[in-house]
2 protein chains.
Amino acid sequence: MSSGTRKIRTMGEFAAVSGISRPTVSKYFQDPRSVKKVTRERIETAIDKYGFRPNLFAMNQNRRLTKNIGIVVPYLADPFFAEIARNIERRCLDAGYFPMLFSSHGETSLENDIFETLRSLKPAGVLLAPLGRRSERQVVEDFCGDVPTVLFDSEIEGVGEAFVGSDNFQSIPLIVEYLCRTGEPPSFFEMPPVNPNANKRRQAYIQAMESLGHAPQVVHVHGEGWAFEEVGYREGMRVIAERKLPTDTVLCSNDRLAIGFLAAAYEKGLRVGRGQGFALRVAGHDDHPFARFTSPSLTTVAQDYAAIAERSVETLFRLLDQGINAERRETELFPGSLVMRQSA
Amino acid sequence: MSSGTRKIRTMGEFAAVSGISRPTVSKYFQDPRSVKKVTRERIETAIDKYGFRPNLFAMNQNRRLTKNIGIVVPYLADPFFAEIARNIERRCLDAGYFPMLFSSHGETSLENDIFETLRSLKPAGVLLAPLGRRSERQVVEDFCGDVPTVLFDSEIEGVGEAFVGSDNFQSIPLIVEYLCRTGEPPSFFEMPPVNPNANKRRQAYIQAMESLGHAPQVVHVHGEGWAFEEVGYREGMRVIAERKLPTDTVLCSNDRLAIGFLAAAYEKGLRVGRGQGFALRVAGHDDHPFARFTSPSLTTVAQDYAAIAERSVETLFRLLDQGINAERRETELFPGSLVMRQSA
DNA sequence: CACAGCTCTTGTCGCGCGTAAAAAAAAGTG
DNA sequence: CACTTTTTTTTACGCGCGACAAGAGCTGTG
């Protein structure tokens with residue numbers, strides 16, 4: 001913006017000084033490509049010159065559909081969700097939308113409040129990673145009835161226009177096979193499921209073990225909430241102390257649990273790793289951003305963050321374009337890939 | 001909301017069915033305590049009955065000042081910022097404000113874009129943890145001139161109405177003294193500073209060492225951006241391999257760097273901890289949420305997240321009430337507390 | 001040349017609420 | 001009871017833009 005030019009306050013003023021009619025300017029701001037190239041360039045020159053941005057509230061007041069996109073994650077202090085939210089945010093911005101980020105912080109009441117808030121924001125669509133077991137299904141369902149919503153990460157059967165996540169029945173067998181091939185078959189370390197992924201992973205583990213001719217061994221420990229590391233540590237300390245581990249290979253339900261478990265193993269003096277001189281192998285699931293920096297580094301299955309983010313956004317935008325087709329709820333699952341590190 | 005009652009769409013309709021005049025209802029929604037108790041109760045009964053919420057965009061359209069509070073952090077994938085943002089969000093909601101969370105993701109252009117977005121949101125105030133060295137001072141300053149802004153975590157001298165952070169000149173001596181008292185004096189492991197805290201910590205380290213009669217030893221390594229763990233790991237591997245560590249005690253500039261360094265030490269087979277049989281002591285700064293779960297657990301100085309969040313919000317609200325007093329820019333620094341764990 | 005097909009302009013209405021001023025009602029006071 | 005003070009109602013306007021309709025201007029086609 002060049003200085004010395006008086007501040008433009010309204011779209012009318014801006015239209016006047018830039019020699020374009022107001023409706024055309026309005027059209028430009030709704031979709032720059034909807035006006036002819038020469039007009040677009042004249043407007044953009046004027047924007048540079050006067051630094052005008054239309055009033056956000058006035059814009060959204062009368063629009064049938066805003067350009068807002070809601071992004072809701074269950075727990076933002078988990079870098080996994082922070083990372084995926086960042087991906088989604090970026091893609092929304094690039095597509096000319098206005099992403100708004102919310103975290104349920106693991107609390108049902110907060111998730112419900114967020115739905116209320118989102119309703120009043122009249123978003124074009126919402127990308128929702130629900131709390132899971134703590135979500136109130138009816139509330140989520142009602143919300144999805146009002147606003148086009150794509151679920152990701154955690155599935156709620158039949159709710160929302162689509163679901164994008166990762167394929168636990170592919171990823172878990174992948175690492176189970178690897179672990180069986182390279183050493184003692186794993187036991188499965190889990191806490192009470194916060195969402196369907198945890199259940200599916202246990203089922204997938206059991207199936208994979210059985211199909212390989214091994215007896216599944218599930219170590220189910222206490223704990224709730226989203227402080228997974230804490231649970232993994234505390235319960236890891238306990239099962240190690242009480243010698244409740246059925247095998248010397250432990251597959252944790254997710255990386256955060258594994259991170260806590262690794263801390264417990266270290267503190268108990270158990271050397272974690274594969275090969276001679278190691279007491280324990282530990283593996284996780286997700287490829288959490290910190291999994292590279294545990295001691296030892298964590299062998300895990302990588303979820304394809306970028307792909308999940310991209311497809312979620314893509315699916316939502318396609319839905320918005322085509323209009324909702326309530327008949328066919330789409331589900332897309334991405335495969336995981338084995339990440340071999342030092343812990344197993 | 002009871003069913004069977006037709007949907008209320010506007011405040012006028014709502015006022016009609018609840019037997020209150022629209023301006024009074026409007027007053028209620030701006031501040032529930034600004035109407036008499038009986039009126040407030042009648043309105044709240046009606047809200048429960050009809051489930052009405054005023055249109056957010058229409059509300060903010062004509063208001064001199066909205067109830068929006070912007071929260072900007074430099075890097076949301078850092079659980080430290082996620083945690084502090086959560087604290088701040090909560091407090092804003094409790095105070096009847098509408099927090100909106102943004103992350104600069106470590107990028108100057110994104111930070112600048114966020115300022116533009118915030119301007120159009122006409123927020124009552126903003127809580128800003130700037131990028132630091134990568135912030136464009138003039139841009140931040142201009143923004144703070146337009147919107148009441150409280151800086152936190154990372155200081156920019158003279159910018160914003162106030163600053164709330166932690167006192168590096170108290171916290172660093174605290175841990176330096178501890179390390180000197182219990183073993184070999186520490187060297188200071190740092191990467192190129194992303195913000196003033198890093199500089200202050202180095203200075204505080206040097207001062208503390210000198211006042212204890214030791215020669216400061218700063219190990220300055222390469223690296224940039226916000227992937228601190230990666231830098232700590234990569235450069236940790238290098239300095240260990242090249243035997244560039246001047247001492248067997250390393251104080252890292254922050255916990256994330258320490259987490260990476262610990263991974264490197266582990267991979268290099270150096271046992272980290274205090275006492276007999278350990279090759280290295282490693283300490284950090286911040287009490288990062290994951291510092292409890294490293295192997296070994298990380299000795300560090302805790303920043304008082306909750307206090308910083310609370311005071312930031314409190315300061316902003318006080319400023320909003322009293323009106324800005326440009327004369328006296330307030331600075332509040334909280335002391336850290338030593339957290340002794342296994343790594344040092 | 002006429003005609004069609006875009007794109008832009010002109011003009012006008014209304015969204016849902018904030019806000020202000022004045023009048024009316026209610027509450028508090030002695 | 002009369003009086004003041006607080007609270008609510010009435011009435012009216014305007015915020016900045018979206019949406020729409022009708023017409024004007026430009027382009028390309030045969």
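Because the structure is predicted, anything quoted here is derived from the model rather than measured. Lettering follows sequence order; numbering is per chain, from 1.
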In whole angstrom, what separates [X]'s [atom1] from [N]'s [atom2]?
X     : N      : atom1 : atom2 : value
B:I8  : C:dG16 : CD1   : P     : 13 Å
A:N60 : D:dA19 : CG    : P     : 10 Å
B:R63 : C:dA20 : CZ    : P     : 13 Å
B:K27 : C:dG18 : NZ    : P     : 13 Å
B:R40 : C:dA26 : CZ    : P     : 20 Å
A:Y28 : D:dC17 : OH    : C1'   : 17 Å
B:L56 : C:dG18 : CG    : C1'   : 14 Å
A:I20 : D:dC17 : CD1   : C1'   : 18 Å

In the 5'-to-3' direction, what one-character label does each nucleotide of nucleotides 11-16 of chain D receive under the scheme B = base within less than 4.0 Å of a protein heavy atom, S = sugar-phosphate only, - = no such atom? BB-BBB

Taking only the side-chain nitrogens and oxygens of [X], find out if one of them lies under 4.0 Å from OP1 or OP2 of [N].
X     : N      : answer
A:S21 : C:dT10 : no
A:Q30 : D:dC17 : no
A:T39 : C:dC8  : yes

Side chains of B:L101 and A:L76: closer than 4.5 Å at any heavy-atom pair?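 In short, these two side chains touch, coming nearer than 4.5 Å.
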
Enumerate the side-chain hydrogen bond (donor to acceptor under 3.5 Å, both in side chains) contacts for residues 149-160 of chain A, please, sequence neighbours excluded, ordered by first and then second residue.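 Residue pairs passing side-chain hydrogen bond (donor to acceptor under 3.5 Å, both in side chains), neighbours aside: A:E155-A:R329.
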
For the residue pair A:Q30 and A:S26, confirm or rule out a side-chain donor-acceptor distance under 3.5 Å. yes

Using a 4.0 Å heavy-atom cut-off across all strands, classify A:S26 as base, sugar-phosphate, or nothing.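 Sugar-phosphate only.
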
Measure from the side-chain N and O atoms of A:R134 to the backbone N and O of A:T108, and report whether any donor-acceptor pair falls under 3.5 Å. no

Check B:R86 with B:E83, please: is the shortest side-chain N to carboxylate O separation under 4.0 Å?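 Looking at B:R86 together with B:E83, the answer is yes, because their closest N to O distance falls below 4.0 Å.
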
Full working for side-chain hydrogen bond (donor to acceptor under 3.5 Å, both in side chains) between B:N112 and B:E116: CA-CA 7 Å; B:N112 293 348; B:E116 281 305 303; over 6 Å; no

Compute the centroid of each ring, for B:Y75 and then for B:F80, and state whether the two points are separated by less than 6.0 Å. no

